[in-house]
Amino acid sequence: MQFLIRAYDGEGKLDKRMEVRPRHLEGMKKLSEHIISAGGLLDDNGKMKGSALIMDFESRKELDDYIANEPYVVEEVWEKIEIEPINVVIANSLAK
């Protein structure tokens, strides 16, 4: 099952986000088989304000288990998380 996750940082959490980011990215590497697409949400000044992920898990419970252990959640960076099922039809690679 595929999910769209929009997670918004709490007010004034950019420094905390950058501190926690290496642990977040390490976790993303371990979950690579579940990631369809992922990136940072940007404000009008190009600063990160949250995250957008499209992920594939067998169940909502597996997704919830990931979210519960996500460093941005554990370290209280993400303040608001929106999750909805999504039907990915096309996924292009944007290797950088």
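Numbers here are sequence positions counted from 1.
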Practice prompt. Salt-bridge test for E79 and K13: reply yes if a basic N is under 4.0 Å from a carboxylate O, no otherwise.
Written response: no
Item to complete: Would you check if the side chain of E62 reaches a backbone N or O of F57 as a donor-acceptor pair within less than 3.5 Å?
Response: no
Worksheet item: What's the verdict on side-chain contact (heavy atoms from CB on, under 4.5 Å) for I83 and L4, showing C-alpha distance, side-chain angles and the deciding distance?
Response: CA-CA 6 Å; I83 299 171; L4 169 63; over 6 Å; no
Using distance only, find each side-chain donor-acceptor pair of residues 45-55 under 3.5 Å and give its atom names and separation, not counting sequence neighbours.
| from | atom 1 | to | atom 2 | distance (Å) |
| --- | --- | --- | --- | --- |
| S51 | OG | R17 | NH2 | 2.9 |
| S51 | OG | W78 | NE1 | 3.4 |

Worksheet, complete the sentence: Scanning both residues in full, the closest heavy-atom pair of L41 with A7 reads CD1-O, 4.0 Å
Compile the donor-acceptor pairs under 3.5 Å between side chains in residues 28-39 and protein atoms, sequence neighbours left out, one pair per line.
| from | atom 1 | to | atom 2 | distance (Å) |
| --- | --- | --- | --- | --- |
| S32 | OG | K29 | O | 3.3 |
| H34 | ND1 | D56 | O | 2.8 |

Discussion item. With no hydrogens and no angle check, just 3.5 Å: does a side-chain donor-acceptor pair link E70 and Y66?
Written reply: yes
Worksheet item: What are the two closest non-hydrogen atoms of D65 and N69, and how far apart are they?
Response: O-ND2, 2.9 Å
Practice prompt. Report the C-alpha distance between H24 and Y72 in whole Å, list the side-chain angles of each, state the deciding distance to 0.1 Å, and finish with yes or no for side-chain contact (heavy atoms from CB on, under 4.5 Å).
Written response: CA-CA 7 Å; H24 164 74; Y72 285 154; 3.4 Å; yes
Discussion item. Once side-chain contact (heavy atoms from CB on, under 4.5 Å) is applied, do any residues pair with E11, and if so which ones, sequence neighbours excluded?
Written reply: none
Worksheet item: So does R21 have more than 12 non-hydrogen atoms from other groups sitting under 6.0 Å from CZ?
Response: no
Worksheet entry | Heavy-atom neighbours of E82 CD exceed 12 at 6.0 Å | yes
